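Report on one structure; see the data block that follows.
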Amino acid sequence: MYCKTMAETSDIYEKVMEVARRRGFVWPSSEIYGSIAGFIDYGPLGAMMKRNIENLWRSFYVFQEGYYEIECPTVGNEAIFVASGHVKEFADKMVQCPHCGEYLRADHVAAENGIENAGTLSSGALQAVLCELPCPACKEHLGEAGVFAFNLMFETTIGPGSQRKGYLRPETAQGIFTDFPRLLRFYRDKLPFGAVQIGKSYRNEISPRQGMIRLREFSQAEAEIFVHPDEKDHPAFHRYADYAAPLLTIARQIDNQEPAGITMRAAVDEGLIANEYVAYYIALTHQILTAIGVDPAKLRFRQHLTDERAHYAADCWDAEVFSGRFGWVEIVGIADRTNYDLRSHAGHSGTSMTVFVPYDEPKRVMKRRIVADMGVLGPRFRGRAKAVADALAASDPGEGGARITLDGEEIFIPADLYQVREEEVEIRGEEVMPHVIEPSYGIDRMIYVALEHSYAEEEVDGEMRKVLRLPPAISPVQAAVFPLMNRDGLDAIAQTIAERLTRCRILAQYDDSGAIGRRYRRQDEIGTPFAVTVDYDTLEDNTVTVRDRDSMEQVRIPVERLPEVLSALISGAITFHELRA
RNA sequence: GCAUCGAUGGUCUAGUGGUAUGACUUUGGCCUUCCAAGCCAAUAGCCCGGGUUCAAUUCCCGGUCGAUGCACCA
């Protein structure tokens, strides 16, 4: 009865999650009261690994790129999300069939019945259309079933009396946009600049059934980079110009082709990627994802199809990682969002969201000014005189006078009530509304794919060895320290070594329980890259063995060199193989 | 959200209208000079709520979580 292929594909997920649960990476949240789908706890090792991944991300975006991190509340007032479009757009119009109780997407039912532009109809219009249509489940007429919006944002109220509506943010980005004027000051009024935020976001998913992949509370790492709309060349593009990444362009998707490895320079030159900024962050993302242990052979960058991408976006690429369980999973979205967000917030808030960009040389232009004769206008228009003068200034006067419109009333102003002056004005620059380049990372998904891709089973002496081949930089524990025997003072030496390593900020775990082989296996399973063993030779010459998780090979080094050697191994400054040589 | 199926120590599992099998793990002890060795012992379990019944882990209903299909996925 059960589909065998499904059982096989879910294998890797089951295995990874079994280890993750048992060893303290990921747990169902509030398990003792019954967990709720879409919420997870990170256990001790998971929380450590998550922090390591976030720090690796920081090392790129904050340290390399110089985009400072900010931290905004997860609860935002309604106005933010009205402006961002989430209140209106981040919702599905739904209808419940009065006969069978089925929940349906109202616009989909309409579209299936040949209604044009069903997706753009208002709730009221949909309601009218749906009355006569049959429920796709039970075929009865939907009748007066009410169309309601199911918004994916969690709603809350702020303050006593619950007067004020708030939402849990569905993305961290809005906090950066709403701080734009402050950030602009912070970066001393110059483009380009960027800000990043790592934090929780919330989406009340209808049916989150994909474990760690689709969560209702999840962590994002987002960067918003504000650039001049006409200057989308990245100042450090040379860093990734020759970096090749597998690109699944729109054309290749239409032709059903595989992604092609292509350098960023070529991709921009050939117009495959909209600009250097987008290309730059595609390459940087490739670097980050492979650094956390994603298999490069299972990584691709897929360009959003024209109808898939938001109408305001100039270009959008998803970093997709292949999961044995979920297929190609979107991990990162990299979009050129143009000035959509800033324009929207400027409009709704009335706050200027522009940057004054001075010209190299101030421009002198002849400008025609229309100056009203207030001495006459004042008495004639009284309270409206100022408005008339302003309208006049913006008008285009004809021969005998100017026609202006004020409060819907057309007024003719004779030419003798104003002067037209041709003046030379100096223009020092212009107000520019920046465009936004947005790389947006799903941290939880990064953690899952890092675990899945690093999970390995191999046979050693007839026994199965489970090992997480995590890159040392993201392994929750970086070194294990064992006494070969739990006696003859070996244990005391090993404990001293473990303490010394932790003082050097290498997270080391001491373990003297059970046979040495068992202890190696325990650490293999949680991805600890290196294990130090104190043996009887240590008593003679003060050397210990360092064992490499992946090759299970060992090398002897003096105890005093341990912090230095392990640090180099963990940072990748040297490889274990080079150490052995 | 609907439909089908499932849920037994930490993990994987056997089984049952009369409180539960085995293995692994874990802890303590013995042993052990580098990859889950051996011996002894201990800890620990029937998803939650209601119903039927003298008695429910088992049967029924509802819920939660998970798998699958449909729907959904800004």
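Atoms considered below: every heavy atom in the structure, side chains included; atoms not considered: hydrogens, waters and symmetry mates. None of these values were measured; they are calculated from a predicted model. In the text below, chain A, chain B and the rest are named by the order of the sequence lines, each starting its count at 1.
Between A:Tyr202 and A:Tyr167, the ring centre distance reaches or exceeds 6.0 Å.
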Measure all distances between protein nitrogen or oxygen atoms and nitrogen or oxygen atoms of nucleotides 44-49 of chain B, and list the pairs falling under 3.5 Å.
none

Heteroatom pairs (N/O) under 3.5 angstrom, protein to nucleotides 62-64 of chain B:
residue	atom	partner	partner atom	Å
B:U64	O3'	A:Ser35	O	3.3
B:U64	O2'	A:Ser35	O	3.1

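The aromatic rings of A:Tyr61 and A:Tyr281 lie parallel to each other, their planes meeting at an angle below 30°, with 60° marking the opposite boundary.
Taking the salt bridge (Lys or Arg N to Asp or Glu O under 4.0 Å) definition, one finds that A:Asp537 meets it with A:Arg556, sequence neighbours left out. Qualifying salt bridge (Lys or Arg N to Asp or Glu O under 4.0 Å) partners for A:Glu457, counting only residues two or more places apart in sequence or in other chains: A:Lys15. Applying the ring pair (Phe, Tyr, Trp, His ring centres under 6.0 Å) rule to A:Tyr455 yields no partners; only residues at least two apart in sequence or on another chain are considered. Remark: A:Phe322 pairs with A:Trp328 by the ring pair (Phe, Tyr, Trp, His ring centres under 6.0 Å) rule, at least two apart or across chains. Residues forming a salt bridge (Lys or Arg N to Asp or Glu O under 4.0 Å) with A:Arg169 (at least two apart in sequence, or on another chain): none. By the ring pair (Phe, Tyr, Trp, His ring centres under 6.0 Å) test, A:Phe530 pairs with no residue at all, sequence neighbours left out. Residues meeting the ring pair (Phe, Tyr, Trp, His ring centres under 6.0 Å) test with A:His86, sequence neighbours left out: A:Phe90.
Taking atom C1' on both B:U57 and B:U21, the two are 14 Å apart, rounded to the nearest angstrom. The C1' atoms of B:A20 and B:U68 are separated by 30 Å, rounded to the nearest whole Å. Nucleotides B:G45 and B:G22 have their P atoms positioned 16 Å apart, rounded to a whole Å. B:C46 and B:U16 are spaced 11 Å apart, taking the C1' atom of each and rounding to whole Å. When the C1' atom is compared between B:G28 and B:A67, the two are found 40 Å apart, to the nearest whole Å. As rounded to the nearest Å, B:U8 and B:U19 have C1' atoms that lie 12 Å from one another. For B:C47 and B:G15, the P atoms lie 15 Å apart once the distance is rounded to whole Å. If you take atom C1' in B:C31 and the same atom in B:A37, they sit 11 Å apart, rounded to whole Å.
Taking atom CG on A:Asp318 and atom P on B:C73, their separation rounds to 16 Å, with Å as the unit. In this structure, A:Phe25 places its CZ atom 16 Å from C1' of B:G10, rounding to the nearest Å. The CD atom of A:Glu31 sits 17 Å away from the P atom of B:A7 (whole-angstrom rounding). Between the CD1 atom of A:Ile12 and the C1' atom of B:A67 there is a distance of 17 Å, given to the nearest Å. Between A:Glu205 atom CD and B:G1 atom P there is a gap of 13 Å when expressed in whole angstrom units. B:A23 atom C1' lies 14 Å from atom CD of A:Glu18, rounded to whole Å.
The partner of B:C72, taking Watson-Crick or G-U wobble pairs whose two distances both stay under 3.5 Å, does not exist in any strand shown. Look at B:A14: it lacks any Watson-Crick or wobble partner with both distances under 3.5 angstrom. Summarising the base pairing, B:U32 is matched to no nucleotide, lacking a Watson-Crick or G-U wobble pair whose two defining distances lie under 3.5 Å. The pairing partner recorded for B:U19 is none, the criterion being a Watson-Crick or G-U wobble arrangement whose two distances lie under 3.5 angstrom. Using N1 to N3 plus N6-O4 or O6-N4 for Watson-Crick, or N1-O2 and O6-N3 for G-U wobble, each under 3.5 Å, B:A42 pairs with B:U26. Summarising the base pairing, B:G62 is matched to B:C48 through a Watson-Crick or G-U wobble pair whose two defining distances lie under 3.5 Å. Across all strands shown, B:A67 forms a Watson-Crick or G-U wobble pair, both distances under 3.5 Å, with B:U4.
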For this session: Show your reasoning for whether salt bridge (Lys or Arg N to Asp or Glu O under 4.0 Å) applies to A:Arg519 and A:Asp511.
Result: CA-CA 7 Å; A:Arg519 286 178 262 163; A:Asp511 187 3; 5.1 Å; no
Identify all side-chain donor-acceptor contacts of residues 18-26 of chain A below 3.5 Å with residues at least two apart in sequence or on another chain.
residue	atom	partner	partner atom	Å
A:Glu18	OE1	A:Arg22	NH2	3.3
A:Glu18	OE1	A:Lys466	NZ	3.4
A:Glu18	OE2	A:Arg22	NE	2.5
A:Glu18	OE2	A:Arg22	NH2	3.4
A:Arg22	NH1	A:Glu525	OE1	3.3
A:Arg22	NH2	A:Glu525	OE2	3.0
A:Arg23	NH1	A:Arg522	O	3.2
A:Arg23	NH1	A:Glu525	OE1	2.9

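Look at A:Arg216 and A:Glu205 and you find no salt bridge, because none of the NZ, NE, NH1 or NH2 atoms lies under 4.0 Å from a carboxylate O.
The side chain to side chain donor-acceptor pair (under 3.5 Å) contacts involving residues 329-342 of chain A comprise A:Lys232-A:Asp336, A:Asn275-A:Asp336, A:Tyr312-A:Arg337, A:Arg337-A:Asp341, A:Asn339-A:Arg343, where partners must be two or more places apart or lie in separate chains.
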Seminar exercise, completed: Protein heavy-atom contacts under 4.0 Å, written 5' to 3' over nucleotides 24-40 of chain B as B (base), S (sugar-phosphate only) or - (none), form the string -SSS----BBBBBS---
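Taking syn as a glycosidic angle within 90° of 0, B:U27 does not qualify and is anti.
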